[in-house]
Amino acid sequence: MTAELAKAYDPASVQDEVAKVWDDEKCFHAEPTDPGEPYSIVIPPPNVTAALHLGHALNNTLQDILIRRARMQGKNTVWLPGTDHAGIATQTVVEKRVLKEEGKRRTEFERDDFVKKIQAWKDEYEQVILGQLKAMGCSCDWDRTAFTMDEPRAKAVREAFFQLFKAGLIYRGKRLVNWDPATLTALADDEVENEEVDGFFYYLKYPVVSSTGISPVNHGRDGHATEYITVATTRHETMLGDTAVAINPKDPRAAALKGKFVRLPIVNRIIPIIEDDYVVLPVSLGGDPADTKAQMATGFLKVTPAHDPNDYDIGQRHNLDIINVMAPDASISDKHGWSDIGDAGFLLGQSREEARKLVVKWFKDNALLEDQKPYRHSVGHSYRSHVAIEPYLSDQWYCKVTDKRLAGAALDAMNPSQISRGTGFQPVAEGEQGLKTHATNTGITFYPERYAKTYQTWHENIRDWCISRQLWWGHRIPVWSSSATRIDFVNLPANATVASMESDGMQYICLRENDTDCIANLERAGFSQDPDVLDTWFSSGLWPLSTLGWPLAAEAASPADSASGLATSVAGDASSDPPPNALSTWNPTSVLCTAREIITLWVSRMVMFNQFFQGQIPFKDVFIHAMIQDGDGRKMSKSLGNGVDPLDIISSHGTDAMRFTLTSMATNTQDVRMPVVRDETTGKNTSPKFDLGRNFANKMWNAARFALMQIESNQSQVANSESQFTTLDRWIMSRFNKTVTECDEAISNYRFDQYARACYDFFWRDFCDWYVEIAKVQFKDETKKSTTAQVIATVLDGSLRLMHPMIPFVTEKLWWKLNEVCPDRGIDGWINRGTNSRVRAQVDGDGNSTRIITAQWPIPGQTDDSAEAIVSNLQELIAQIRTARNDYKVSPKQSVTVTIVAPDCGAEQINLHRDMLESLATCKIAGVETAITTPPVNSTKITAGACEIYIEGLVDEAAEQLRNTKRRDELTKAIAAKKGRLANAGYIAKAPPHLVKETQDQLAAEEAELKALSV
RNA sequence: GGGCGAUUAACUCAGCGGCUAGAGUAUCUCCUUUACACGGAGAGAGUCGGGGGUUCGAAUCCCUCAUCGCCCACCA
């Protein structure tokens, strides 16, 4: 039956066959009521904007490793898949497509019609993405597939918004937002990217007047008497909205200017000169010479509250008017809060860029431009449209994340051992707000630890979160408003489903449920729903809750206390509790596995929301993996054309190959590089790195093929006694057990590269290179062949299990074959009989699974240091003979005759392993002695550790010279280094004694060898 | 401006106080030996970015400089 196995591993056919079985048998599905300690992961939902790239392949491979291992460990394991609607990103790609294909802009469509187009795009890419995840072998519970905008998630969003609204954590604000004038929407702080831009500092002169606006006063720059003061700015077009000029109270000119005004050029607005210590003093007046701002500053700052966040703050402090001089597209406009346009009529309707030029020209023409200096500074740009952000005054919804119950709770959620103290950290007190009541709330641990700092700093400096977006694609804000209607005129249902607030003379009604009657009532009364949608991260922030069924039916129906963040129930702690549900079983999830770029965008919000709504952390660990870059350290991107499509690699190398390579690259650095080359035959991007995985999968396939053939023909007799195992058998089992321990530690610490390496080294080096070759010898021995088959089957079985999480397809297929060849399995079956203290899988339930995906994960058995020491010596002997054969150019097939001199007890072991030595070193052992007086004639002596080997017939004088010279040089160098070390009194006195002894012993051996070589 | 990462063989990376600094790829030699040429046996290849310090001992810890990259803050 092993003849069925092809000579080379064919990934495509195996993947299809195996995937079908997993799917048919619903191997990925779990229920909350299933036995076992819960283990859960929510997938970072990929954006439906595009197909998955290699970064996703890495991310999801690592999650799948964790999931598959947990499942094999008998945990109640679930991996929740899904996708994200990615509001602005998706709307933008669809707008581009529609413009290209239909030549129409979004605004030419009705809202519902355009949303349908986006929906169609989403449907298309959701299928692509889910198909890719399946192709990657991801063992997600597909029955639980979610989308951030499907109905269960929409329900969670409404509930969350309602609870926050009711708790006073959502407010309406006329604030400066990061406005994207191209897509006409507000952006969150972290959606803004900074770019260096070459610009100019302009020095504008403003005439000083008394309060009446008539008489000039003489105070100006650097104290020189003039009727002007000079402000310095890079955003001169916003001067139209200036409502004050500020000076530092420490400025010597401040006293004289107290109570004075300036007449704003062009608009002729009379604005006050105010004092605020935000203003930087120029170097000439005591400012910091190293501060570029102080170098450029005049000491007078134009204050434009509507167009600069800092000016806005100054405006708040001094009760200044806020005059917005721009339309939403960033053109100059008098329709959005600006009436006293003065002489600025010529600027109306101009773009901000054009206005900038015109304003400079005006100042120049009117001799009010004192100077201009080149200046390079960074300017915020939209991460989507890439146009410069405009700080823009608009009405937005805010979530008060600065509240203790949110940011405070997020800090409180940290693993105490990872908190950096003394940075202003103020955790919510134990018990306060009812947080930290859950038994599992021991704190979130970051891997690698350094990212805890990123997280902490973010929350310590957090600002309120603007959650409204002027988009069509997203969760519509569940608030209805009216300016005139009095709320008591409206016939509203019970208080539990409605919350209201008043702001700026407007009535706002928030609805908990999508209650059509209620909405009809409201709309009849003149209320209308807010046109905006919520920031994408609002729904993603709920992901660990919403994918697991939050809000629960009962909770949502009652006027829960949870609105104030009080979570009093502890899952499953009382007999009267309802049966376990997905939420109570799997939240908190076990680990969040993601990239560092979204620690602030996503991780933070999930923690705040989970803490607030559920009173517990959303995940116990956060694992941040490296980012894959191309060979030149650049990000992989479509525009650079340096991306690699996972599906291309799957078809060229196989899924397991891709997964193995990615796993071995998952070190704990920030970035890893993957050289990208273009495959000339397919025209597609690939990377030579994937050959590593392809070769490994093939090696595994072939080693198993050999093992299966041997097992089939050698399993007639069964060993029941430990004593029947050879040293070599015990050696490979010991190596296996150490490998299991290494893998366990590696995975537990999220060091996936170490897991891959441990598997590779064990399987290829120890098992294939050594044990399989040894087994070939043992199979020829009637007394050993049965136990050898048993050991090879046991170790193969264990190896397949150990590697299954990483390379699931090939291991599953081979395990089935192993089952066919020796069906008498299980802990008491043929494989484990006699070996079960040495190679073990977790006992409970093992033997019943017919699929490796649900078979038991290995646990380390007995190790055997004495066998390892013996084999290590034998390996050294073989290596030396092989090297000598190569050095003397002996043909690989030609045997040589050797005499081995092994002092002490080494001779006994060599005699015991004669067959194996002769086979692996292609030699004939003429004799094994403990000492020798006359070396065999015509022989060359080589050394291997404590042994000497005389190889007959090697008489190449030149080769011998070369060899001896090389060895002598090595020894001389090593001896000199050790003598130096031992001559150091400090070393003898302070180094651990065993090291000193080791050095002395090694020195003695090396000196002896050198002496022997010289005679 | 603040923080973080990287700099080790030609390439991609391990190692992070004590083995002659390792692996894979590439290179060179030999081998189509009945698991595997997606293979086997060998070989060559590194003053561990520069400088300073701590230590008996540094690729590994500290300081400093340089180069590349990322994150946060600032956009007078």
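Everything numeric here is computed off the predicted structure, so don't read it as measured data.
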* To do: Return the value, rounded to whole Å, for the distance between atom CZ of A:Arg463 and atom P of B:C72.
  => 13 Å

* P atoms of B:G42 and B:G22, separation to the nearest Å -> 16 Å

* To do: Grab the CZ-C1' distance between A:Phe660 and B:A23 for me, whole Å please.
  => 11 Å

* To do: Determine the interatomic distance between P on B:G49 and the same-named atom on B:C56; round to the nearest Å.
  => 25 Å

* Quick one: list whatever passes side-chain contact (heavy atoms from CB on, under 4.5 Å) with A:Asp915, sequence neighbours left out. => A:Val777

* P spacing across the pair B:U64 / B:G3, given as an integer number of angstrom -> 11 Å

* Identify, with sequence neighbours excluded, every residue that meets side-chain contact (heavy atoms from CB on, under 4.5 Å) alongside A:Ile988. => A:Leu982, A:Val996

* Which part of the nucleic acid does A:Tyr278 contact within heavy-atom distance under 4.0 Å: base, sugar-phosphate only, or nothing? -> base

* Asked: Mind checking what makes salt bridge (charged side-chain N to carboxylate O under 4.0 Å, His left out) contact with A:Glu275, not counting sequence neighbours?
  -> A:Lys258

* Asked: Whole Å only: how far is the CG atom of A:Asp277 from the P atom of B:A76?
  -> 17 Å

* To do: Counting Watson-Crick and G-U wobble pairs whose two distances are both under 3.5 Å, find the runs of 3 or more in a row that involve RNA chain B.
  => B:1-7 with B:66-72, B:10-13 with B:22-25, B:27-31 with B:39-43, B:49-53 with B:61-65

* Euclidean distance for C1', B:U34 against B:G40 (whole angstrom) -> 14 Å

* Please state the P separation for the pair B:U60 and B:G51 - nearest whole angstrom. => 12 Å

* Asked: On a whole-Å scale, what distance lies between the P atoms belonging to B:A59 and B:A9?
  -> 15 Å

* Structure fact -> Contacts of A:Asp1001 meeting salt bridge (charged side-chain N to carboxylate O under 4.0 Å, His left out) (sequence neighbours excluded), chain-then-number -> A:Lys997

* **Nearest-nucleotide 5' precedence on RNA chain B, A:Arg235 against A:Thr457** => A:Thr457

* Rounding to a whole Å, what distance do you find between A:Glu449:CD and B:G5:P? -> 11 Å

* Asked: Can you list every salt bridge (Lys or Arg N to Asp or Glu O under 4.0 Å) pair that touches residues 297-311 of chain A, not counting sequence neighbours?
  -> A:Asp242-A:Lys302

* Can you label the angle between the A:Tyr455 ring and the A:Phe446 ring as parallel, tilted or perpendicular, going by 30° and 60°? => tilted

* To do: Check whether more than 12 heavy atoms from other residues, nucleotides or ligands sit under 6.0 Å from atom CZ of A:Arg463, and answer yes or no.
  => no

* To do: Let me know the distance between CD1 of A:Ile389 and C1' of B:C74, rounded to the nearest Å.
  => 16 Å

* To do: Just jot down the salt bridge (charged side-chain N to carboxylate O under 4.0 Å, His left out) partners of A:Lys699, sequence neighbours excluded, or say none.
  => none

* Would you kindly say whether A:Gln456 and A:Glu460 are connected by a side-chain donor-acceptor distance under 3.5 Å? => yes

* Mind checking whether A:Phe752 and A:Tyr750 have parallel, tilted or perpendicular rings, split at 30° and 60°? -> tilted

* Describe the nucleic acid contact of A:Asn461 in one word from base, sugar-phosphate, nothing, applying a heavy-atom distance below 4.0 Å. => nothing

* To do: Provide the distance between the two C1' atoms, one in B:C63 and one in B:A23, to the nearest whole Å.
  => 33 Å

* Output all residues satisfying side-chain hydrogen bond (donor to acceptor under 3.5 Å, both in side chains) with A:Glu773, sequence neighbours left out; order by chain, then residue number. => A:Lys776

* Asked: With a non-hydrogen cut-off below 4.0 angstrom, is A:Tyr760 in contact with a base, only sugar-phosphate, or nothing?
  -> sugar-phosphate

* Structure fact -> Protein heavy-atom contacts under 4.0 Å, written 5' to 3' over nucleotides 11-20 of chain B as B (base), S (sugar-phosphate only) or - (none), form the string -SSSS--B-S

Identify every side-chain donor-acceptor pair in residues 878-887 of chain A under 3.5 Å, counting partners at least two apart or on other chains, and give the distances.
unit_1: A:Gln880; atom_1: NE2; unit_2: A:Glu876; atom_2: OE2; d: 3.2
unit_1: A:Arg882; atom_1: NE; unit_2: A:Leu920; atom_2: O; d: 3.1
unit_1: A:Arg882; atom_1: NH2; unit_2: A:Leu920; atom_2: O; d: 3.2
unit_1: A:Thr883; atom_1: OG1; unit_2: A:Ala879; atom_2: O; d: 2.8
unit_1: A:Arg885; atom_1: NH1; unit_2: A:Gln894; atom_2: O; d: 2.8
unit_1: A:Arg885; atom_1: NH1; unit_2: A:Thr922; atom_2: O; d: 2.8
unit_1: A:Arg885; atom_1: NH2; unit_2: A:Ser891; atom_2: O; d: 2.7
unit_1: A:Arg885; atom_1: NH2; unit_2: A:Pro892; atom_2: O; d: 3.3
unit_1: A:Arg885; atom_1: NH2; unit_2: A:Gln894; atom_2: O; d: 2.9
unit_1: A:Asn886; atom_1: ND2; unit_2: A:Arg882; atom_2: O; d: 3.4
unit_1: A:Asp887; atom_1: OD2; unit_2: A:Arg963; atom_2: NH1; d: 2.7

* Structure fact -> With sequence neighbours left out, the residues meeting salt bridge (charged side-chain N to carboxylate O under 4.0 Å, His left out) with A:Arg981 are none

* Going 5' to 3' through nucleotides 34-43 of chain B, assign each nucleotide B (protein heavy atom under 4.0 Å from a base atom), S (under 4.0 Å only from sugar-phosphate atoms) or - (no protein heavy atom that close). => -BBSBSSBSS

* Asked: In whole Å, what is the span from the NZ atom of A:Lys453 to the P atom of B:G5?
  -> 9 Å

* In whole angstroms, how far is the P atom of B:G3 from the CZ atom of A:Arg596? -> 18 Å

* In whole angstroms, how far is the C1' atom of B:C4 from the CD1 atom of A:Ile599? -> 11 Å

* NA contact type, A:Lys889, heavy-atom cut-off 4.0 Å: base, sugar-phosphate, or nothing? -> nothing

* Could you work out the separation of B:A41 and B:G46 based on their P atoms and round it to a whole Å? => 24 Å

